[in-house]
Asker: 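Here it is: the structure, laid out below.
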Amino acid sequence: MAEWFPSREWLHTYRAALNNNETYREASEGWGVDFDGDFVFEITDIPTETTIADLPEDLSGEFRENLESLSDEHVDELLTDAPSALEERMGEQDGDDHERLVAAVLSTSISDIPEVTFSALREEYPADLDNLLDQLEQYLNDGTIYAYIDLYDGECLETTVLQDPEARDPGFAIIGPYPHWKDLLEGADVMESIFSEDLELDGSTTTILPYSEAAQELGDTAGRVDDRYLF
Amino acid sequence: MVESTKPSYSGQRVDTDDKWYQLFQKGVELGTWNVEKLFDEIGFKQDKETWESLEDDERAQIRYLLSGFLDGETEVAGDAATNLSRAMGADCLEGNRQKEMFMTMLTLTEHKHTQFLDIYMNEVMDDRDNYAELDPRKGTRVPIVQATGLGEVFEHQGLLTAKAAQTDDPVDIARAATNYHLNVEGILARVGSTAISRLPERANLPLLNYAFKFISTDEGRHITHGVELLKELLEKEQAGKPAYQGVEENIVSTLYEDVPYMADFAYMYTDAVGDPLDFDIDSTLMRGGNLIDGMYNETLGCDIDYMQVMDNVSDRYNEISEWDLESRLEEQERHYQQKRGVAMDGGDD
């Protein structure tokens, strides 16, 4: 099944894809053996202004249905625990309580979700959406997600999303805004992205030079992961 | 790119609407800074004091960087005055008169750059023997330039521009313009200028810095010239004109041929001397990559194989970083001393 990008699950699938890629394995032989070959992908400018309603239909559609199918009694129950931020948002909507609840929740942006979400409402989230929103809450740092990839001698040893960007001190970082990462996953050339400064490489150019094919495969493999985009 | 400003005047022989005319005018307006006046007005006292206070390895680093420029400017001035000027009259090009007019400005400014560097290195820096009397036009480049192989890109420039002047063939002109305007001026000179622009953080050389602001502005117009020239040839190739077929392929192959020497230049003024002024070879090479993408890919729309670019630079970097540079320099100097001996003994020179 296609994984959502960006997410932990996508990163794990990427790791498996790298480790199954014979061309990458051969081209990156020796990488990281006598230097720090680990990477952080810094995905900046995550569009946190995106509302729940604007997320892909696969995610937002089921949630909308869940909310719309709530009984009026359940809505009344939910609203007894509603945080003041949600009440304020509902105050800006038209209709009865149920309609205003649905409209207020769906028009909430990713960055505002923690303010309006509460445990009873969370139970209405479909599993996929719940998981992804939980990850965004955990891993978003000022609009940036830090994905850690440990590469060593032809293998990807570990992938993880960093809660604390300072937790690791990688040898290399590739930094760029979300839309350019999406371009890369859709087939853009990784070295062209770096030379054109769509993505910035932080690390030793002279170390990477002999591994041009590995760098290419690192990008191409990301492009071959079966994925769906959160934004 | 060339701004389309409406010309104030029109003529009959000169097309004042032509973009080359506008580049010429910009050169007349902006390229007339005076080297001697710069020395008089800014002076070189501070530069000399700073130079004398630098450590030996810091001096070597700046000297190597400027030596690349000194030889490069000498070469481009020579080829602009002769081969390139002649090639601008080729039937396959449009607006020959305006292009030739622009070449006069280009030649003038390149000679001024040589003038500045030669005087600066002589007056401010130590009196290192550059074997000037052996004539740089006959291949006697500064030893560090010749020893590291940067001289090879200048050799290439001489060959390509001479061929373009001789054949007037659009593909040959494309190869010459690629080498001259994009690779030498657009990559090598630009990465070097970036290093010089960072010097004030490390060494207070106000005259050098001030002059390089002028030099960089001049180079910008020269690169525009090359880019516009290549665009003209590419458009004709894309329009299907038979004589122009092969232009893009040869632009790209000329990049692949010259790009290894980016490693020579970057290495020469960074790692070869231990990089005490922290010019940083990694950011230097990355800057070169950015410039390649900007000119070849974004502006000209050429299909560049970035892996090929990286592999060519990588192979060359591996080769030169294994060298014993000191012994190569000694070898080069020995060779020049022999040439000097031949000249003194009544040789051809």
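Proteins come first, then strands; the chains are lettered A, B, ... in the order of their sequence lines, and each starts at number 1. Fair warning: this is a prediction, and the values are worked out from it, not measured in the lab.
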Asker: Distance check, rounded to the nearest 0.5 Å: A:Glu197 atom CD versus B:Arg287 atom CZ?
Answerer: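 Answer rounded to 0.5 Å: 7.5 Å.
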Asker: Heavy atom to heavy atom, less than 4.5 Å: which residues from residues 207-223 of chain A reach chain B?
Answerer: A:Ile208, A:Leu209, A:Pro210, A:Ser212, A:Glu213, A:Gln216
Asker: I'd like to know whether CG of B:Asp303 has more than 12 heavy-atom contacts from other residues, nucleotides or ligands below 6.0 angstrom.
Answerer: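 Not more than 12 within 6.0 Å, no.
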Asker: About how many Å separate OG of A:Ser196 and OH of B:Tyr306, when rounded to the nearest 0.5 Å?
Answerer: 7.0 Å
Asker: Surrounding CG of A:Asp169 (heavy atoms of other residues, nucleotides or ligands, distance under 6.0 Å), is the total greater than 12?
Answerer: no
Asker: Between B:Ile304, B:Leu291, B:Asp311, which has the largest tally of heavy atom pairs under 4.5 Å with chain A?
Answerer: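 When all of B:Ile304, B:Leu291, B:Asp311 are compared, B:Asp311 has the most.
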Asker: Would one find more than 12 heavy atoms of other residues, nucleotides or ligands at under 6.0 Å from atom CD of A:Glu29?
Answerer: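 At most 12 heavy atoms, drawn from other residues, nucleotides or ligands, come within 6.0 Å of this atom.
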Asker: Which atom pair, heavy atoms only, marks the closest approach of A:Thr206 to B:Tyr317?
Answerer: CG2-CZ, 3.7 Å
Asker: How long is the span from the CZ atom in A:Phe195 to the CG atom in B:Asn297, to the nearest 0.5 Å?
Answerer: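 Interatomic distance, A:Phe195 CZ to B:Asn297 CG, rounded to 0.5 Å: 11.5 Å.
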Asker: So A:Met191 and B:Met307, do their side chains get closer than 4.5 Å, heavy atoms only?
Answerer: no
Asker: Given heavy-atom pairs under 4.5 angstrom as the criterion, report whether the side chain, backbone, both or neither of B:Asn290 touches chain A.
Answerer: both
Asker: Which of residues 267-284 of chain B get closer than 4.5 angstrom to chain A, counting heavy atoms alone?
Answerer: B:Ile281, B:Asp282
Asker: Tell me, yes or no, whether the heavy-atom count around B:Glu249 atom CD, taken from other residues, nucleotides or ligands under 6.0 Å, exceeds 12.
Answerer: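 Atom CD in B:Glu249 is not crowded, with 12 or fewer foreign heavy atoms closer than 6.0 Å.
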